[in-house]
Amino acid sequence: MATNEYEGVLKKIEELTTNAGQIQDEVLGEILSRNAGTEYLRGFLHGQTEKQLFKKNVPIVTYEDLKPYIDRIANGETSDILLAEPITASGTSGGQPKMTPVTAQVTKNCELFRRLYESPVIKHFGDINQAGKRMELMFARPEIETPSGLKAASVSTSIYNESNFRTILPKLYTSPIETIFCPDPNQGLYCQLLFGLIQRDEVVTVGSLFASTVLRGVKFLENHWQELCYDIKTGRLSNWITDLGCRNAASLVMKPNPEQADLIENICNCKSWEGIIRKLWPKARYIGCVCTGVMRQYIAELEFYCRGLPLVSAFYACSEAICGINLEPLCKPCDVSYTFLPNMAYFEFIPVENEHDESIEMKRNDEDTELVDLVNVKAGQCYELVVTTCAGLYRYKVGDVLMVSGFYNNAPQFQFVERKNVILSVDQEKTSETDLSKAVTEAKALLDLLGFILTEYTSYVDTSSAPRHYVLFWEIKGKEGNHCKELDPKIMVECCSKMEESLHYTYKIYRKRNIIAALEIRVVKQGSFEALMDYFVSKGTSLSQYKKPSCIKSEEALKILDSRVIGKYFSPKLPL
């Protein structure tokens, strides 16, 4: 990005955030003026475009409410069922069969958004596009063609398919396009790491879309570094890489380099891999990946591997809408706030009450609550996000809960809190992602003191016995090569008790009444969560967009973890 363009984008951010209220009204007005005549909106607005009528008559919806309309378009009916603008493609969420319309305006917004979220990063780290290359782990999934001929793909795959991206790829990234579109994720990952190591002196940033994918890359490297070094030393690609695209891409750049191979081998052949990312890519300025939300659990392990390199979560977006940017990329991951951009969608917010205020009474219905506009949210309050977009989503519940952390000019800044769902429940208690994360954080502090890291966790409710109980699967590793078998069982029992003490009031009341049995932690062997990821990827999830489930609901996924359990521990006492 040229200096003049960069300064212009920063000025644009100032204008957007200063005039947030006016721009929001303009965005809604434009969406309604274009689409008031569509079948969907006509039933509520009768051709009118007034904001108050929209807020009064158009219902708050979920994907299941809109799915029949989207399916009709996918099956060949005209797009004016939902929107006036022609649909150019269909987006999917994480490789799952959840399609949303994509239009030319959506693509245009994505390109503007990229310039907006990159500007604060450039301000703090310099123009990395001019300084060197990005070693970014990227994975595309095959497009699906709908009966009407529309191409359906994940958001990331659509970006990788754009001609602009393919043009800049060789200059700005270490990974050839063939490795990104490799149908075997493991072959693609091996080759992307190989190309990143070959070009290690040019790499100025390392990353992926999510923190979990960066860690997957590091762990894969731990298991394959000797083989990678041999390939670099001989200039020949390993025989198990059979994908022709990857082999052809490698043949264009690979040549014997024993010096480089020996250097990498000396770095990797050490007792502790603390700071390994910084050692392998010494010119890297930061690690770029989403570290907020469910990805928070990976921060400690990532910090161990990058030791001192900033972890930068540059933006907040979802499959349904583009939302906000991080204006302070140097802040700690736990302090990240996203400043919402009022030109990307029309945003509304459902106030969210505390579910654990020493009462188990049912809370208010969302439909009875008046939604709050973007500029009228209150600092410190939590809200569920609702969006209206240029792609035919009207008053759509994204499912994310956010907390207002402050304002930049007149635009609110939000911290991601959780997905709006209950992940664990035995009776009437409701345990959310945030509840579970807080309890795990308290408990794993006991491991930190002994030189162990909790690398992964997930949960489920065991219904095989009465009363039922919460089960946590934990994968643990030692900072200095210690094996989790060296852990004192008493410490794991303490972790169980600490978790129960850290859970909410309702849970503890139910435990004391024996409605819920003692919490259990099952320690699994190293690589168990990689096997879980492999399972979901084999079912169609893109490796770039994989998010480990906070709660296991698939019987097959449960079998994968249960078959790798090496220790079971229970809380020995009732929580205080």
Side-chain angles (χ1 to χ4, degrees), residues 1 88-92 94-95 102 106-107 110-111 113-115 118 128-145 151-210 213-214 216-217 220-221 224 228 231-232 235-255 281 284 288-289 314 319 537 540-546:
M1 190 182 295
T88 58
S90 181
T92 62
V102 176
V106 170
T107 303
C110 286
E111 178 56 30
F113 185 62
R114 182 189 63 79
R115 295 201 302 274
E118 280 190 348
I128 59 169
N129 296 334
Q130 302 297 323
K133 289 189 174 184
R134 308 165 188 241
M135 201 207 81
E136 189 164 325
L137 301 177
M138 300 173 280
F139 304 91
R141 296 293 300 175
E143 291 181 327
I144 303 167
E145 187 168 324
K151 301 291 185 182
S154 66
V155 174
S156 56
T157 297
S158 299
I159 292 171
Y160 304 148
N161 264 324
E162 289 176 4
S163 58
N164 286 346
F165 178 80
R166 288 173 177 258
T167 300
I168 65 172
L169 184 68
K171 179 185 176 184
L172 301 184
Y173 296 85
T174 58
S175 300
I177 195 71
E178 293 87 353
T179 65
I180 298 171
F181 279 86
C182 178
D184 180 344
N186 284 327
Q187 291 190 44
L189 177 55
Y190 183 92
C191 292
Q192 289 189 44
L193 289 170
L194 178 65
F195 282 100
L197 289 170
I198 290 172
Q199 302 170 80
R200 60 187 293 264
D201 291 330
E202 299 179 60
V203 171
V204 292
T205 178
V206 175
S208 190
L209 180 57
F210 293 124
T213 311
V214 178
R216 170 63 178 255
F220 192 92
L221 183 58
H224 293 85
L228 287 160
D231 288 1
I232 295 170
R236 293 193 299 269
L237 190 60
S238 293
N239 290 332
W240 72 275
I241 306 297
T242 57
D243 181 76
L244 290 178
C246 288
R247 297 200 72 86
N248 290 337
S251 68
L252 297 176
V253 299
M254 287 190 73
K255 58 184 179 181
W281 293 281
C289 58
S319 299
V537 169
T541 300
S542 166
L543 187 54
S544 289
Q545 294 185 292
Y546 172 75

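Residues take their numbers from the sequence shown, with the count starting at 1.
Within 6.0 Å of the CZ atom in Arg236, the count of heavy atoms belonging to other residues, nucleotides or ligands does not exceed 12. Residue Leu252 places its CG atom among more than 12 non-hydrogen atoms of other residues, nucleotides or ligands, all under 6.0 Å distant.
Taking each heavy atom of Leu193 and Gly217 in turn, the nearest pair found is CD1-O, 3.7 Å. Thr213 and Leu137 make their closest contact through O-CD1, 3.7 Å (heavy atoms, listed as atom of the first residue, atom of the second, distance). Across all their heavy atoms, Cys246 and Ile241 have their closest contact at CB-CG2, 4.0 Å. Nearest heavy-atom pair across Gln187 and Thr242 is OE1-N, 2.9 Å. Of all heavy-atom pairs between Met254 and Asp231, the closest is CE-O, 3.3 Å. Residue Phe139 comes nearest to Pro185 through the heavy atom pair CE2-O, 3.8 Å, listed as atom of the first residue, atom of the second, then distance.
When side chains are defined from C-beta on, Leu237 counts as touching Tyr190, because their heavy atoms get closer than 4.5 Å.
Look at Glu162 and Arg114 and you find no salt bridge, because none of the NZ, NE, NH1 or NH2 atoms lies under 4.0 Å from a carboxylate O.
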Could you give me the CA-CA distance, side-chain angles and deciding distance for Arg134 and Asn129, then say whether side chain to side chain contact (heavy atoms under 4.5 Å, CB included) is met?
CA-CA 8 Å; Arg134 308 165 188 241; Asn129 296 334; 2.7 Å; yes
Please assess Asp201 against Trp281 for the test side chain to side chain contact (heavy atoms under 4.5 Å, CB included), listing each intermediate value before the final yes or no.
CA-CA 7 Å; Asp201 291 330; Trp281 293 281; over 6 Å; no
Between Met138 and Tyr173, does the side chain to side chain contact (heavy atoms under 4.5 Å, CB included) criterion hold? Intermediate values first, please.
CA-CA 10 Å; Met138 300 173 280; Tyr173 296 85; 3.7 Å; yes
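Taking the six-membered ring where tryptophan is involved, the planes of Tyr160 and Phe165 are tilted, since the angle between them lies from 30° to 60°.
Between the side chain of Lys133 and the main chain of Pro170, a donor-acceptor pair closer than 3.5 Å is present. A donor-acceptor pair under 3.5 Å links the side-chain atoms of Gln199 to the main chain of Thr174, judged by distance alone.
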